[in-house]
Amino acid sequence: KHGRRKEAEEFSGESYEKQERELFFFFLESSDEFGKITDYIIKNGIGNQNKIYCAGISMGGLISGVALSHERAAGALILSSTLCFKEFAEEICEKKGYILTEEEKLFLENIEPLKSSEIYGKNIFIAAAENDAVIPIKFSREGAEKLINGKKENAVIEFRSYQGGHCDNSEMIQDGIRWLKQLSARG
C-alpha cells in the first residue's frame with residue numbers, strides 16, 4: 001500500500017486528505033504481519049530467533065516502529081522516519097486543515113510506538129535527513145531523544161543525521177547495516 005501515496009499525490013482537496021488519512025490506519029495492520037513473519041522464522045529454524053530486527057524506510061520505518069512492541073522484535077532500523085507517530089500525524093493533519101476525530105486520536109494514541117515500555121529495551125538505529133520535507137527531522141530527533149532518555153540498561157540506541165532530503169541518502173542505509181553487523185558481532 002505504500003505506493004498508494006504516489007496515487008494520493010495526484011489528487012487534491014478532500015480526496016487527497018482521505019487517502020492520506022487511510023495510509024495512517026494501514027500501519028497497525030502491517031505491523032501485525034511481523035508476528036506472522038516471526039512465526040515462520042521460528043517454525044522453519046531460519047536465523048537466530050532471538051535477534052529478529054525490523055527495518056524500514058519512510059512508511060516502512062513507521063511500521064517497524066509499531067512492530068517494535070512485538071515481544072519477538074529485538075530492534076529496528078528506522079530510516080527517514082520517526083517514532084513520534086502521533087505528533088507527526090497530528091501536525092500533518094493540522095497543516096492540511098483536517099481536524100482529527102476522537103476515534104482517530106484514540107487510534108493514534110494506541111499505536112504510538114513510544115508508549116510501549118518494551119521499546120526502551122530494544123536496539124534501535126534511527127537515521128534522518130536534515131532537509132526531509134516529508135518527515136521533518138525534528139520528529140526523528142525527538143523520538144531518538146525520548147528513547148535515549150528512557151532506555152533500559154542493555155539497549156543500544158543510535159541517532160544519526162545526514163545531508164539531503166527524504167529517502168535520498170544511501171549512506172544512512174549503509175550505516176544502518178554496519179550498525180546491525182556490529183551488534184551481531186557482539187553476540
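Scope of the values below: all heavy atoms of this structure, side chains included, with no hydrogens, waters or symmetry mates. Just so you know, residue 1 is the first one in the sequence shown, and it goes up from there.
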Remaining members of Ile148's ILVMFWY cluster at a side-chain heavy-atom cut-off under 4.5 Å? Leu68, Ile78, Leu83, Leu114, Ile119, Tyr120, Ile124, Ile126, Ile137, Leu147, Ile157, Phe159

Could you tell me which residues satisfy side-chain hydrogen bond (donor to acceptor under 3.5 Å, both in side chains) with Lys138, sequence neighbours excluded, listed by chain and number? Glu91

Residues which pass side-chain contact (heavy atoms from CB on, under 4.5 Å) with Asn110, listed by chain and number, not counting sequence neighbours: Leu106, Lys115

Considering non-hydrogen atoms only, spot the tightest contact between Lys105 and Leu100 and give its length. CE-O, 3.7 Å

How about Glu130 and Tyr162: do any of their side-chain heavy atoms sit closer than 4.5 Å? no

In short, ring pair (Phe, Tyr, Trp, His ring centres under 6.0 Å) pairs touching residues 44-69 with sequence neighbours left out are none

Other residues, nucleotides, ligands: >12 heavy atoms within 6.0 Å of Ile46 CD1: yes

Treating Lys122 as the side-chain partner and Ala73 as the backbone partner, does any N or O pair qualify as donor plus acceptor under 3.5 Å? yes

Quick check: does any side chain N or O of Glu158 sit under 3.5 Å from a backbone N or O of Phe125, one acting as donor and the other as acceptor? no

I'd like to know if the side chain of Thr82 and the backbone of Cys84 have a donor-acceptor N/O pair within less than 3.5 Å. yes

Compare all side-chain heavy atoms of Ser58 with those of Ser81 and state whether any distance is below 4.5 angstrom. no

Identify the two heavy atoms, one from Phe88 and one from Val134, that lie closest to each other, and give their separation to 0.1 Å. CE1-O, 3.4 Å

With sequence neighbours excluded, tell me which residues meet side-chain hydrogen bond (donor to acceptor under 3.5 Å, both in side chains) with Glu118. Ser116

I'd like to know if the side chain of Ser80 reaches the main chain of Ile57, judged simply by a donor and an acceptor atom lying under 3.5 Å from each other, with no hydrogens or angles considered. no

Are Trp179 and Leu77 packed together at the side-chain level, in the sense that at least one heavy-atom pair is separated by less than 4.5 angstrom? yes

Of all heavy-atom pairs between Met172 and Ala129, which one has the smallest distance, and what is that distance? CE-N, 4.0 Å

Test item: Ser184 side-chain N/O and Leu180 main-chain N/O as donor-acceptor pair under 3.5 Å: no

Test of understanding: with salt bridge (charged side-chain N to carboxylate O under 4.0 Å, His left out), list the residues that count as partners of Glu94, not counting sequence neighbours. none

Quick one, Glu104 and Tyr98 - any side-chain contact, counting heavy atoms below 4.5 Å? yes

Between Asn169 and Gly164, is there a donor-acceptor pair closer than 3.5 Å when you use the side chain of the first and the backbone of the second? no

